[in-house]
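What follows is a single structure, written as structure tokens, with notes after it.
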Amino acid sequence: MKTAITGTAGFIGSHLAEKVLSEGHEVIGIDCFTDYYPKDYKLNNLTNVLKNKNFSLLQTDIVNCDLTSVFKKVDIIWHLAAQAGVRASWGDQFRLYSDYNILGTQRVLEAARVCGVSRLVYASSSSVYGDVNEFPMRETTYPKPVSPYGVSKLAGEHLCMLYATNYNLPTISLRYFTVYGPRQRPDMAFHKFIRAVLRSETPVLFGNGDQTRDFTYIDDIVDATWKAGILADAVPGIYNIGGGSRISMNDVIDLMQDIMDQPIHPVRSDRQKGDVRHTAADISAAAATLGYAPKTVLKDGLSQEVEWLKSIANGGIYGY
Amino acid sequence: MAIKKDLLDILVCPKCKGVLELTDSADGLICHACMLNYPIIDEIPVMLADEAVSLKKDADKSDSE
Ligand SMILES: NC(=O)c1ccc[n+]([C@@H]2O[C@H](COP(=O)([O-])OP(=O)(O)OC[C@H]3O[C@@H](n4cnc5c(N)ncnc54)[C@H](O)[C@@H]3O)[C@@H](O)[C@H]2O)c1
Ligand SMILES: [Zn+2]
């Protein structure tokens with residue numbers, strides 16, 4: 001089949017592209033290499049797929065390019081391109097979130113509709129929930145995002161639903177819960193923490209460390225995302241994709257000390273505006289419809305991320 | 001290691017949606033209407049109007065030189 005992945009050079013998009021190619025499908029990858037973090041990371045993410053004859057990369061921006069020409073013969077679209085990051089979404093920067101996450105999503109949906117695409121998978125986020133009172137978070141819980149980023153991702157979800165109900169474009173929104181593993185974005189907590197330790201710097205912990213997250217390993221995310229695109233009987237709608245367990249940042253740091261075999265003493269800083277207190281996913285809907293079952297426990301996944309960061313540190317690519 | 005034919009077929013000028021022509025050295029895609037050359041770097045077509053090279057300017061430049 002012919003498929004397209006937006007945001008293909010990013011953390012999740014590059015892993016997904018590898019999976020789709022390994023299943024023998026063609027991938028048109030779209031990415032404009034936003035400067036949110038350096039292009040070197042993203043080019044490195046693409047090392048494997050660029051060698052594959054079934055992969056083509058377009059460096060273009062979903063807000064401006066003619067997507068109808070690109071999606072002409074495409075069956076499945078995985079729409080992952082977005083301006084990520086909760087903390088950067090306040091103030092003037094919001095323009096990027098509004099352009100890329102809302103307008104960009106509408107443009108992808110519109111082109112998908114015109115081209116008669118058979119399935120569109122949208123990378124949504126646990127950030128749409130905000131601070132809820134009841135755990136685990138269910139897809140039916142009323143979403144009340146606490147960051148402009150969460151608002152933009154929720155708007156994208158609503159647009160997906162509109163195209164599904166008004167135009168019969170089958171859309172599936174996956175609410176990813178904090179994703180980690182090799183290639184994790186350099187602005188994310190695990191990456192920053194591990195990098196700091198490897199450089200003998202002091203990592204910064206926001207808040208008192210009691211905040212909990214449902215961390216999800218990249219391979220589990222890719223598995224769910226792949227299935228949402230390919231399974232014929234996957235019902236359009238919204239699905240939580242979590243890692244299956246919830247753990248506090250303090251406990252993560254303990255685990256990191258074990259894995260890296262050295263003491264870690266972070267400096268504590270104020271909790272950041274837009275950060276939620278806790279996340280925990282009810283994944284029963286994804287289990288029932290997509291056969292989703294997370295396989296990687298935090299200790300193993302974290303070890304993989306540490307190994308990856310060590311390997312790129314040795315390569316000297318990122319200014320280590 | 002040339003740019004894929006499939007990819008050439010689906011690409012249009014991001015500005016005017018018009019057809020593009022591959023340069024002889026296969027390192028760019030030209031829109032004659034907009035007088036722009038979209039570079040192909042390491043086989044990756046850069047379809048961003050901001051990054052395109054104006055052919056007009058080139059012509060002006062070489063005139064004055
Ligand atoms: N990483 C997580 O924990 C997490 C959690 C929830 C949801 N998500 C969602 O998953 C998706 C992928 O996230 P990621 O962590 O891989 O981020 P990432 O920043 O690594 O990848 C996103 C990619 O999209 C590209 N992009 C952004 N705007 C674009 C545009 N207008 N046109 C073309 N390309 C554009 C960027 O250059 C980048 O390579 C995003 O939609 C994000 O909101 C991620
Ligand atoms: Zn043109």
Side-chain angles (χ1 to χ4, degrees), chain A residues 1-6 8-9 13-14 17 21 25-35 39-40 42-47 49-75 77 81 99-100 104 107 110-112 114-115 117, chain B:
Chain A
M1 267 192 280
K2 266 198 194 302
T3 73
I5 299 177
T6 70
T8 198
S14 62
L21 290 167
H25 302 287
E26 280 175 56
V27 175
I28 300 172
I30 300 169
D31 206 295
C32 66
F33 298 98
T34 62
D35 61 7
K39 188 175 179 178
D40 281 355
K42 298 182 189 181
L43 285 174
N44 201 47
N45 290 345
L46 293 173
T47 311
V49 295
L50 282 173
K51 291 181 203 140
N52 193 306
K53 66 172 180 17
N54 283 329
F55 182 78
S56 326
L57 180 65
L58 281 187
Q59 186 178 344
T60 195
D61 173 357
I62 55 166
V63 174
N64 293 302
C65 87
D66 183 26
L67 292 167
T68 49
S69 67
V70 179
F71 295 156
K72 230 181 296 173
K73 292 177 189 151
V74 162
D75 302 297
I77 297 172
D99 280 357
Y100 295 173
R107 293 197 81 247
E110 186 61 28
V114 170
C115 296
V117 166
Chain B
M1 291 270 280
I3 173 169
K4 287 158 198 149
K5 166 97 178 51
D6 280 19
L7 199 53
L8 282 182
D9 291 344
I10 62 171
L11 293 182
V12 296
C13 171
K15 255 184 123 173
C16 72
K17 321 286 180 226
V19 289
L20 296 166
E21 189 190 311
L22 190 64
T23 58
D24 293 340
S25 41
D27 59 358
L29 292 161
I30 292 175
C31 173
H32 290 289
C34 301
M35 294 284 278
L36 286 174
N37 182 353
Y38 296 91
I40 300 175
I41 301 168
D42 296 333
E43 292 177 59
I44 305 169
V46 182
M47 306 310 296
L48 300 165
D50 290 351
E51 311 262 321
V53 181
S54 167
L55 300 173
K56 267 195 209 134
K57 262 200 198 137
D58 269 10
D60 291 351
K61 228 194 227 162
S62 50
D63 274 349
S64 62
E65 271 166 8

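Each chain gets a letter, A, B and so on, in the order the sequences are listed, and its residues count up from 1.
When each of T8(A), L46(A), T6(A) is tested with D31(A) by the rule side-chain contact (heavy atoms from CB on, under 4.5 Å), just one qualifies, namely T8(A). Residue I10(B) is tested with I28(A), T68(A), V74(A), D66(A) for a side-chain contact (heavy atoms from CB on, under 4.5 Å); the sole match is I28(A).
The parts of D61(A) that come within reach of chain B are both its backbone and its side chain, each placing non-hydrogen atoms under 4.5 angstrom from that chain. Neither the backbone nor the side chain of K51(A) comes within contact range of chain B; no heavy atoms are under 4.5 Å apart. Only the side chain of L7(B) comes within contact range of chain A, with at least one heavy atom under 4.5 Å from a heavy atom of that chain. Neither the backbone nor the side chain of D42(B) has a heavy atom closer than 4.5 Å to any heavy atom of chain A.
Of the possible polar contacts, one joining the K42(A) side chain to the T34(A) backbone as a donor-acceptor pair under 3.5 Å is found.
When all heavy atoms of P45(B) and L57(A) are compared, the closest pair comes out as CD-O, 3.2 Å.
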